[in-house]
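Step one of this worksheet: look at the structure below.
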Amino acid sequence: MPELPEVETTRRGIAPFLLGDRVERVEVREPRLRWPVPADLDQCLAGTEMLSLDRRGKYLLARNVRGTLIAHLGMSGSLRVLTRPEPPSPHDHVDILMAGGTVIRYRDPRRFGCLLWTGGDPFDHPLLRDLGPEPLSDGFDGAYLHRCSRGRRAPVKGFVMDARVVVGVGNIYASEALSMAGIHPLRAAGRVSRQRYDVLAGAIRDTLERSIRLGGTTLRDFVNPAGEPGYFEQTLRVYGRAGQPCRTCGAPLRQVVVGQRSTFYCASCQR
DNA sequence: CAACGGACCTGCCTGC
DNA sequence: TGCAGGCAGGTCCGTT
């Protein structure tokens with residue numbers, strides 16, 4: 001489900017309820033996520049105030065005086081804010097109960113996500129250490145992508161989805177950004193010009209920023225922490241639109257599999 | 001190193 | 001109606 005815009009939407013949604021309040025306790029009903037939820041997570045969080053909630057790629061980082069909670073939503077994860085008690089559904093694995101009475105509820109049917117704890121610098125954690133730049137930061141531009149891509153023969157679509165290259169670009173937004181930039185998803189990353197990487201870097205940035213503004217993409221079930229859907233789906237150019245007309249030239253959009261992921265593009269607009 | 005396939009899970013939809 | 005098969009927004013890990 002969540003790519004960068006959905007994770008950022010989630011961060012903004014829970015921040016007002018998590019920050020400036022004290023954690024009462026943590027209730028773990030199902031610790032078997034991608035990696036086990038630490039057995040002492042409650043001791044790490046209980047009684048402390050959350051000091052900051054940041055995002056690094058698709059990871060959420062919630063810091064208190066003792067360390068940092070590292071959260072990832074995987075494919076099907078979500079965090080919701082409950083202002084009144086609600087009985088947990090089967091996949092509501094973890095609750096963070098705040099002193100003020102609100103509950104931050106972690107749900108993840110497929111359990112590809114994780115909730116981990118680190119007492120050290122979270123950016124030194126093995127999961128975060130090797131991540132590439134944030135696509136909305138100044139360090140990310142066409143010159144960087146061009147430099148990074150030299151000698152790479154694999155498709156450019158997989159290249160921009162590689163978190164060591166740039167974080168946060170998942171399967172939807174990779175197709176969308178390549179469509180905006182007019183680049184064929186199967187083109188070898190090393191055979192895209194510097195000029196075209198300038199356009200692509202801008203397209204990635206624009207696509208992600210626009211989606212954040214619209215509250216993310218709701219394909220099946222994404223809702224923000226308040227339970228509201230995102231509206232970016234209505235503006236998708238290619239994702240999920242195989243056979244339908246290209247919004248630019250009218251040609252039927254195509255679907256191929258790249259690196260085991262469905263990929264959508266216009267054969268006449270993207271070269 | 002870069003590149004690829006498999007693995008981890010459940011739910012939902014399609015077609016027989 | 002039941003069931004098998006395929007597919008889904010991620011990403012780590014082992015092998016070539």
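A note on names: the letters A, B, ... follow the listed sequences, proteins ahead of strands, and every chain is numbered from 1. When reading the values below, keep in mind they use all heavy atoms of this one structure, side chains included, and skip hydrogens, waters and symmetry mates.
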Nearest to side-chain heavy atoms of [X], which nucleotide of [options]:
| X | options | answer |
| --- | --- | --- |
| Q255(A) | dG9(C), dA8(C), dG11(B) | dA8(C) |
| E3(A) | dT10(B), dG9(C), dA3(B) | dG9(C) |
| Q260(A) | dG9(C), dG5(B), dT10(B) | dG5(B) |
| R34(A) | dC9(B), dG9(C), dT11(C) | dT11(C) |
| F112(A) | dA3(B), dG9(C), dC8(B) | dC8(B) |

Provide the Watson-Crick or G-U wobble partner of dG9(C), both distances under 3.5 Å; none if there is no partner. none
Is dC9(B) paired to anything, Watson-Crick or G-U wobble with both distances less than 3.5 Å, and if yes, which nucleotide? none
Following the transitive rule for hydrophobic clusters with a side-chain heavy-atom cut-off under 4.5 Å over Ile, Leu, Val, Met, Phe, Trp and Tyr, establish whether I172(A) and L186(A) coincide in one cluster. no
Could you state the atom-to-atom distance from [atom1] of [X] to [atom2] of [N] in whole Å?
| X | N | atom1 | atom2 | result |
| --- | --- | --- | --- | --- |
| M75(A) | dC12(C) | CE | P | 14 Å |
| R261(A) | dC4(B) | CZ | P | 15 Å |
| R110(A) | dG10(C) | CZ | C1' | 9 Å |
| L73(A) | dC9(B) | CG | C1' | 16 Å |
| M161(A) | dA2(B) | CE | P | 18 Å |
| R55(A) | dG10(C) | CZ | P | 14 Å |
| R164(A) | dG10(C) | CZ | P | 16 Å |

Taking 4.0 angstrom as the limit, do E86(A) and R80(A) come out as a salt bridge? yes
Does a side-chain N-to-carboxylate-O contact under 4.0 Å join D141(A) and R205(A)? no
For the pair L236(A) and L219(A), evaluate side-chain contact (heavy atoms from CB on, under 4.5 Å) and give the outcome as yes or no after the intermediate values. CA-CA 11 Å; L236(A) 290 175; L219(A) 279 189; 4.3 Å; yes
Hey, which sits more toward the 5' end of DNA chain C by its nearest nucleotide, L219(A) or L127(A)? L219(A)
Heavy-atom neighbours of R56(A) CZ exceed 12 at 6.0 Å: yes
With respect to K157(A), which candidate in V256(A), N171(A), I183(A), V169(A) satisfies the side-chain contact (heavy atoms from CB on, under 4.5 Å) definition? N171(A)
Whether H91(A) contacts dT10(B) is assessed here as follows: a side-chain N or O lying under 4.0 Å from the phosphate OP1 or OP2. Is that the case? no
Any side-chain N or O of R153(A) under 4.0 Å from OP1/OP2 of dA3(B)? no
So does R111(A) reach the base of dC9(B) with its side chain, donor to acceptor, closer than 3.5 Å? no
Same-atom distance (C1') from dA3(B) to dG9(C), integer angstrom: 23 Å
Heavy atoms only, 4.0 Å cut-off, all strands: where does Y173(A) land among base, sugar-phosphate and nothing? nothing
Which part of the nucleic acid, if any, lies within reach of Y59(A) when heavy atoms closer than 4.0 Å are counted: base, sugar-phosphate only, or nothing? sugar-phosphate
